[in-house]
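Take a look at the structure set out below.
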Amino acid sequence: VILSDRHRAFVAPALGVALLALGAAWTLDPRSRAPADRCWAEPAACAGERHRLPLVRVVDVDPGGSYLLRSGPTTLRAIGAGPLVVGDIVSVDGFFQPDGTLRIDAAASHPWRVHKGALGVIGVLGLAAILAVVFRVRRTGAGWRVVPSGVGDA
Amino acid sequence: MPDLVTHLASALLPGVALRRDRAALFALGSALPDLVGRVPGIALTAMASFGVPQGLDRPLGVVHQPLGAVIAAALLAYALPERGRPIAALAISAGAILHVTLDAMQDYGGFGQALLYPLSAARFEWPLFGPEATVPLAPVLASAAAVAWGIRIARERARERRGLA
């Protein structure tokens, strides 16, 4: 009854507003972020703290033994736990120093990460194919609806 | 999170016992948390070098939590005719719950899934496998799902032919 067309004008906007409110709460709630997220924005503020930074890319290696790590558009200078090479995707455990540099204690490599990304693309294409085979968009008495293939084909 | 192919296979394998449209919706639900909650963020990150602002996708992250996913499933179900809508919402929701449950079984280094959000921000994690452990398994699971559906479709066609004869 709650998802009927009769109550659609009220229920659908209410669900939309609920989802927006939930999304806003999620965005504003600091507990929704990984503890290390703030360290990317301001590494020096995390001085003296130990953090785990998952899935970061090594974008530069200094001959002196320091690394430039990237997560999204943000970069971070790190030292220790080598040898890492440019292009590596690693999760690192480390300790932030007063100057904002991360001293890496341990780094775990993720050599399958690229394959996982490729499987994501394959998954999206596969799902699109399944939905295209199983469903059709048809005009019904209540307007345009997604209906199982075969319904209304005759 | 396990890879998307593994998520789809985890829904398509048991889904072989369901009606075809419901199995497809179950599969849609099993991908929904990543499609809405993760893919936009990945796309934004990829476009960061073009000056695209980051973090715009953060509100969508709530669809990667059970309550947000269930509300999104109900909204998606409005695209279907009224008669099958509750079952459609249920199938998509069940797929999404399966997704976040599988994700909670992955090792996130202590920062698991906020399964009870917004009632609680507690993170749940039962680290049974690593972040990429499902990648080598994905082709096997996808093949198993394809074989199971192939057998089912072949049986349905054989039954139709017998009915016509």
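Residue numbering restarts at 1 for every chain, and letters A, B, ... go by the order of the sequence lines.
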Donor-acceptor contact present, side-chain B:R123 to main-chain A:S32, <3.5 Å: yes
What part of [X] is in contact with chain B, defined as an atom under 4.5 angstrom from a non-hydrogen atom: side chain, backbone, both or neither?
X	answer
A:V124	both
A:V137	neither
A:R52	side chain
A:T140	neither
A:L20	neither
A:L131	side chain

Flag side-chain contact, heavy atom, 4.5 Å: B:L4 against A:L127: no
Beyond-backbone contact of B:R85 with A:D5, side-chain heavy atoms, under 4.5 angstrom: yes
Specify the closest pair of heavy atoms between [X] and [Y], including all atoms of both residues, with the distance to one decimal.
X	Y	value
A:S4	B:Y78	O-CE2, 4.3 Å
A:L119	B:A138	CD1-CB, 3.7 Å
B:A74	A:L15	CB-CD1, 3.7 Å
A:W26	B:V62	CD1-N, 3.8 Å
A:R145	B:P81	CD-N, 3.9 Å

Approximate separation, where rounding is to 0.5 Å, of B:L25 CG and A:F135 CZ: 3.5 Å
Approximate separation, where rounding is to 0.5 Å, of B:W149 CH2 and A:I130 CD1: 8.5 Å
Contact part of [X] toward chain A, heavy-atom cut-off under 4.5 Å: side chain, backbone, both or neither?
X	value
B:P2	backbone
B:L12	side chain
B:A31	side chain
B:L67	both
B:L28	both
B:A89	side chain

CA sep, side-chain torsions, deciding dist, call: A:D29, B:Y117, side-chain contact (heavy atoms from CB on, under 4.5 Å): CA-CA 11 Å; A:D29 191 339; B:Y117 195 83; 3.3 Å; yes
side-chain contact (heavy atoms from CB on, under 4.5 Å) between B:E82 and A:R8, worked out: CA-CA 10 Å; B:E82 182 178 15; A:R8 182 191 178 101; over 6 Å; no
